[in-house]
Amino acid sequence: MKHKLGNIVKKIVFVFLACNAIGIIAQPKKMKSLETYVWGENDPYAIVPEIPEKWKDESAVIILKDIDYYYYKGKGKLNIHIISRNIVKLNDQAAINIYSEFGNLSNYKQLIIRIIKPDGSIKTIDVENEKVKTSEPYRSILRGSTHPFIKTSKLAIPDLEVGDILDYCVYYKEGLTLFGVLEAPSVRDVINEEYPIMDYTLDIHSKKDFYISIKTENGAPEAKDVSSEKGKDRQYSFQIKDVEKIDPILWEYPLMTYPYIKFQVSLEKDKLTKAFTGEEKSEIKHTVNDEEVLKYYRAITVFDHGYKGSDRFLQDKDFSPKQKVEEIYYYMRQYYLNQFMEASIAYNNNLTVDSPFSFYAHPNYITTELKFINYYVSFLREENIPFELIAAIPRSQGKIDDLLFPDDITLLLKIKLDQEEPLYVTQFGNHTNFNYIPYYLEGNEAYSLETGNGHRLETIKKVTVPVSDYNRNNSYQKYEISFLENFQTIQVNRNTAHKGHNKIKEIDDRLNALNFIDEDHSKYGTKRLYDRLKKKKNKNKYEKEFPAFKEKIETKQKEWYEKNLEEELDIEVEGFSFEVTKTGRYNIEDVLSFNEEFTINNDLLKRAGKNYLLEIGRFIGGQIAIDEKDKERIQDIHMPYPRSFANEMIVNIPEDYEVTGYDKLNMKIENETGGFVSEATLEGNTLTIKTHKYYVNNYEPNGNWIKMLQFLEASYQFSQEKILLKKK
Amino acid sequence: MVYKYITLFFLFINVVGISQKKHDPTPEDISLAKELAITYPDDDIAILKDSLVINFDYNKKTKLVTANYRSIKTYLNLKSRTEIPIYIFYDDQSEIVDAELKYRNYKNSFFYLKDDYYSSDDLFYNDARVKWSVLNFPLLGYKYSLVYDKSYKDVKYFVNAYFDNVYPTLQKSITIHIPDWLDLEIKELNFDGFPISKNNFTQVKKGETSYTYTLENIEAVKKEEYSPGPTHFRPHLLFLAKSQTKKGVKKNLLNETKDLYDWYHSLVLQMEDDITILEEKTRSLIENCTTDEEKIKKIYYWVQDNIRYIAFEDGIAGFKPDESHNVFKKKYGDCKGMANLTKQMLKIAGFDARLTWIGTKRIAYDYSLPTIAVDNHMICTVLIDDKKFFLDATEKYNPLGNYAERIQNKQVLIENDDDYILDRIPSSTSSDNQENLVSLLEVEGEKLKGTVKRTYKGESKTNFLYNINNLKKDEKVEVLEYYIKSNDKNVLLSNINVSDISDRDGDLELSYTIAQNNAISAFENELYIDIDYYKSYKDLDFEKRKTAFQFPYKTFKKTTTTLKIPEGYTIKELPANLSVKNEDFDISFNYTLKEGKILYEKTINFSNAQIKKSTFKEWQSFYKKLKDQYQQQIILTKK
C-alpha cells in the first residue's frame, strides 16, 4: 500500500517542509476514537454495496474514498488534520500484493484497518501489535543542522485474501506554527486513479471565521456548503460517483482532462496572506477576478528598490536601451546568484576551513521569484523602460480562468522597448537566458499588470503568452561515420547543437557549476572565492581541494554522458570523449554545442555473405512508436512546446564497397501539425543523409491526431531502415 | 515552477570529513595512490591494511562462550576525490563496542556514525542493524583508519571471516587467539589460488594458541548479478567452536551435527501449535480426495496459494518457526512458518510430515559442518513408506514432486524426534524445464507472417505462471503481448491463446499469430531475412566478469522456425551452421532446406544451470561466434 499512502503524503508534504516543530495535537473535537468516528453507529458504509458488473474484471475497485480535512486554530498553531478512509475490493493477487503492506508509518500517522470477508464477517487488525519498526527515533547534530526525531514502522496485513474488502483509514495530524502563517497550503486532488472509484467524498471542516476557496473542474460537481446554522464550525462537501480508472497516455495533462477539486483555507485577509481570499467569510470563493489579482500583486511588489549596484556596471558603457536591459539581466545573474556558487560548493563539500559565506561582506542573493521581479523592475523604472508584469499559470495546471491560488502563478516581465518585438524576462537560474519565456507558460492566457505614473501596479488585462517557433527550439546533430578494421568497428564523431527550449532543457545537465565560474567572474568583475580568502590555511585547502573536486565532477559527468548516449542509441560505445564547444549562456540565440567521439563494435551491422546491412536509421535515436490502442486516442494532445530535430549523417563508404538501398531513406510527410523529411545523396564514396522532424504546435486537438500519426510513423519507420554495403 | 525557488546549495549531500594540513596526504601516500590506481584502475579506494584479531572468552553470568574481535582497516584514496559509504553490521546477538575513525596521524576524527535498522528487499523485517556513515576523501592519497570492536554474546553466532573486501586490499591478516579451554576448529575454505600464509604461535601468551593468516594484494570483490553465494568462491575461515573444558569438565558446544540438531529441535519443542484451528480447513480441503498424492497436493497447493511469503528474522525467531495457527490466521509467514503450517495440516490429514532444515544452493556447506551457517531455509518432508516428498510452499506454482533449482541436490536435515535423518533433494535435468518455440513463417513484402506455438515445462513453466498470476486481471493480455513482443513495435500479434494458468501440474502452452514488420530488407532482386527474433543470450558477455554465472534454473530452449520460400525466389545464401558443446553448455544453430522451405533450428542447453569460471574461456570464444551468428542474414534472390 506504499503508493496509496504516498498519494496523500505528497499532498501534505509541503506541510512537513514548512513546519519544523511537529507537535502532538488533540484530535478533532467530538472524536472519541478513530474507530468509532469511522466505523461507529452512523457509518453509511456499514453495509458495503456490491461492485457494479462493469468492474467485475478489474484488479481492484475502490468502493469508497472519503477524505476529511479539518482546519482549526490551537495554541499558536494552525492545525490540519486529514482523515482518509478507503474501502477497496481486492479482486486478484496483484491487488493483494499492492494493498497487503503499509510502509512509512510514523508517529504522526494513525492507521486503522479491518477486513470484510466474502461471507460478511469482519476482522479488525491490531495495527499497534502487528507493525514492526523500520527506524528508531534518533536525534543527531551534524555540522549545525539538527535531525528531528522520527520513528517509522511498517505493517504486513494479516489474513488478507483475494475477494476480501479492505476498509482502512489513515489519520494525519499536522500543526503549522502560526508565526507568519495566514493560510493553509493549497490542496488539489485529481479524482481518477489506477482503480475505478464507486464513491468519492471530500469534506472540508473549517471555521466560520476562516476564508475558503474551492473550485472543481472538468465536469466534477460543485462543492456544497453543508454547515449548520449554529456554532462556529463550517463544513463543505464534495461528492462524485462512478469514476473510471486512469490509463496514462502520452502527451496528456491530467488537470486538463480529469475531474478534480482544489481548495485552500485562509485565516485572515491580509496583504501578507499568500492566498486569494473572498470578500465574505460566509461565502465559498469559486473564482478569482482581475481586481483581486491586481490587488494581490500590488500589495506584494516593491518597485522602488534602492539598489544602485547596476550603476557601477553601466558606468563607462555605451549600451543601447535594448543592450542595457539584456546586459543588466546577465550582470544580475552573476551578482545576485552565480558569484556565490563557489561558496555554495565549498560549503557543501568542505572545501574551505571557515564558512565560505563569511568572506562576502553582505551576501545578497536572489533565489525567489518575487525578489527577482522587485529588483529587476526597480532597474527598469529607474531607466524609464516600459514594461508589463505577466502573471501566468502553466498549461499543465489549466486555464487562467481556473486560477484559485497564487502559488500556481509564474511571473515574467514583458519589456516594451519595441512594441512589435517585446522582450521577456523571468527569474534567472545559473544558465538562463534573457528574452526567454518558460515553455510551460506558452500559449496560455495570462494576466498583464502595469504601473501608472507611480511605483504601484494600477491596471490589469488579459493577454496570451506568445508561443515560440519550432525552428527556434531546435536540436541539430551531425554524425560522421567511418568503418574501421574491416567492419569490426564503427568510428563516430557527433556534433550536437541545441537552441531555444531544447537548450534550456539540456543545459543544466551538460554544464557543471565549475565550468562557467571563472568566465563569469572575469566578465563581470566579481571576485573569486579564492581571492576573498585571507588566511593561508584557507588558501592552501582551496588550492588543493577545489581542483580535486572539479576533476571528480568532470569524471562523473563524462561517465554519465556516455551512459546517456548508450541509452539514446541503444548500443554500447567505447573510447568515449566529450567536449563542450559553446555554452550558449549569454544569449538566447546562441547554441549549446558539444562534440562526442566514440566507437561502436559492430552492433549496428548485420552480415549477409560478404555484404553488410547498416542500421542507419538508429542514428536518429529512439523514435516515438505509438501502440495500436493509442492510435485510437480520444484525448487532445498537450505537448511541451513546438520543436524540431535535424540530423545529418555522413557515411564514408569503404573503397571496395558500394551502397544500395539508400533511396528508401527519402521520405517526406508534412502537414499542418508537423513533418518528417529525409533525403539521402551519394557523392563519390560519401553518403549524406539529412533528416528533419518537427512539431509545429504545443497543442493539437484530437482531430489532428491522425495527421500527427503520419509523420510520427514515418520517423519511426526511418529509424528501422537499413542500407546495404555491397562488396564490389 | 522550475526557477521559482532556486537553491544555492544544490550540489552533493553532506559528508563527513574535515581536512587540515596535518591530515593532508604525504608525498609517499600520493605516489603510492598513483601506483595503486594503475594496478586497480576500476577502484576508487584501496585498503592498505586490514587486520582482524579474534579472541574468545567465557561469560560466567550467561554461562556462554563469547567471541570478540578488533577490526582495523586503513583506507587510501586512489582518485582525486572520493566519497564512500562505510557500514558496520550487528544484530541481536552481537554489539559494536567501540568505533573510531582516525586520520593519517592516528588522531581521532570524532565522526558520527548513524545507527539504524538494516533494511533489505529480501526481508520484510529483520533484527540486523547497521552503523553507517559516508566518508569523504578530499584528495588523492588521503588516508583514514577505521577501528572498531565487535562482540558476540554466544560463540555459535560467530561463524566465519573473509579475506577479501569490496576494495582491493594490500594486506589482510586474521589472528585468532584460542584459549586452551576451547576446542575450536578452523576450516580453511576456498584457499586454492590464494597464497595465504599461516603462522602458528603456540603459547606466546600463557594458556592460549594463536594463529595468524596473511594474504596480500587481493582484488576487490565485485557485486555481480547471478553470482554464486560467497561461501562458494571467496577465501575465508569457518570457525567451529566444538567444546569447552573448564575445571576438567568438558561441555560440547556444536561438536557434531547432532548438537546442531539438538539445538534446532529444542526450539521446535518450544512451539505451542494449536492445530484445532487448522482442522476444519484441512478436512474440507481433502474431503473429496481418494489418494494420498491428491491429499498432499491439495494441502501443499493451498499453502502455496494462500500464505504470502514475508520474511521475518528477529532474534531467536530467525531460527524458531512461527506456530502453525498463527501463520494460518495471518495468511503470511516466512519459510519456517510455512513449512510448519504445511507439516501440521498434513499431520491432521494423517501423514507423517516433518520439519526439514536445508541450506539453499547459495551456501557451499553441508551438514558435515556443525554450524548455524550451514542452512538458511526450511521445508517440510512427508514420509510415505520409503518415499519422501519434499514440500517447499515458498515456491509458488511449484507442482508436487518438482524441486526448485535452489534446493536441488542439497542435503536436508529432517526432524526425527531425538535423532535426525540426513537425505538429499533429487535433481532434475534441463530437459525437465524445456521451453519450445515452433513457428511457421512466410514472407509478405518486407514482413514475416505466421503462427507461433510455445510450450513450457518444469521451472520455465513455474516461472511463467508466477509472473502471469501476479499481474492485474485487466492487464494480463496487454502484459502478455508486451512479453511476447519484447516491447518491439514492429511486432503485431493476434489470436493469443494461453492454456489454463491455474494448472501447475500440466505443461503450459502459448500460441499466437504474428506479423513482424522490418524483419526483411529488400534490395534490388534480393531479400535479406533476419529469421531469429529472440536473440537469446546475445548480451551474455563475460569479458569483465569475475564470478561464475548462475542461471535461475537448468535451461533448455529449442526454437524451430520453418520459413516458406516465396514464389519466384531461390536461396542465395544461408548462414553456416554453428555448434558448441562442453560440460556447461551445448548450443547449436542449424539451417536445412526441405521441400521449398528453410528449417532453422536453434537449441540452447545450459544443463548445469551455470557457466563455471573454468569454462569462461570457452564461452567467450563461442560468444564472439554467437554474436556473429545473430548478425547473419538469409539471402533470397529472384530466380
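The sequence lines fix the lettering, A, B, ..., with proteins before strands; numbering per chain opens at 1.
- Only the side chain of B/Glu478 has a heavy atom closer than 4.5 Å to any heavy atom of chain A.
- Of the atoms belonging to A/Leu613, it is side-chain heavy atoms, and not backbone ones, that fall under 4.5 Å from chain B.
- Remark: A/Lys552 engages B/Glu83 in a salt bridge, criterion side-chain N to carboxylate O under 4.0 Å.
- Between chain A and the residues B/Leu140, B/Leu574, B/Asn490, B/Leu471, the largest count of heavy-atom pairs under 4.5 Å involves B/Asn490.
- Heavy-atom distances place no part of B/Lys79 under 4.5 Å from chain A, backbone and side chain included.
- Taking the charged nitrogens against the carboxylate oxygens, B/Asp474 and A/Lys245 do have a contact shorter than 4.0 Å, which makes a salt bridge.
- Only the side chain of B/Lys627 has a heavy atom closer than 4.5 Å to any heavy atom of chain A.
- Under the salt bridge (charged side-chain N to carboxylate O under 4.0 Å, His left out) criterion, A/Asp159 pairs with A/Lys117, A/Lys123, B/Lys331, not counting sequence neighbours.
- Put simply, of A/Gln717, A/Arg607, A/Gln93, A/Lys664, the one with the most heavy-atom pairs under 4.5 Å next to chain B is A/Arg607.
- Proximity to chain B (any heavy atom under 4.5 Å) is shown, for A/Ala95, by neither the backbone nor the side chain.
- For the residue pair B/Asn525 and B/Thr637, no side-chain donor N or O sits within less than 3.5 Å of a side-chain acceptor on the partner.
- Aromatic rings from A/Phe340 and A/Tyr365 are positioned such that their centres are separated by under 6.0 Å.
- Contact of B/Asp628 with chain A is made through the side chain alone, with heavy-atom distances under 4.5 Å.
- Here the two rings, on B/Phe523 and B/Tyr528, have centers that are under 6.0 Å apart.
- Across B/Gln633, B/Lys473, B/Glu446, the residue that shares the most heavy-atom pairs under 4.5 angstrom with chain A is B/Lys473.
- If you measure heavy-atom distances from A/Lys56 to chain B, the contacts under 4.5 Å come from the backbone alone.
- Of the two parts of B/Ile307, neither the backbone nor the side chain holds a non-hydrogen atom closer than 4.5 Å to a non-hydrogen atom of chain A.
- Salt bridge annotation for B/Asp322-B/Lys330: present, with a cationic side-chain nitrogen under 4.0 angstrom from a carboxylate oxygen.
- Of the two parts of B/Glu573, only the side chain, counted from C-beta on, holds a non-hydrogen atom closer than 4.5 Å to a non-hydrogen atom of chain A.
- Within the 4.5 angstrom heavy-atom criterion, only side-chain atoms of B/Asp530, from C-beta onward, approach chain A.
- Looking only at heavy-atom pairs under 4.5 Å with chain A, the residue among B/Asp44, B/Asn306, B/Asp305, B/Ile635 that has the most is B/Ile635.
- Take A/Lys537 and apply the side chain to side chain donor-acceptor pair (under 3.5 Å) test, not counting sequence neighbours, and it matches no residue.
- For the set A/Gly661, A/Ala343, A/Ala60, A/Ala548, the count of heavy-atom pairs under 4.5 angstrom toward chain B peaks at A/Ala548.
- For B/Arg129 and B/Tyr117, the positive end sits near the middle of the six-membered ring, less than 6.0 Å away and at most 45° from its axis.
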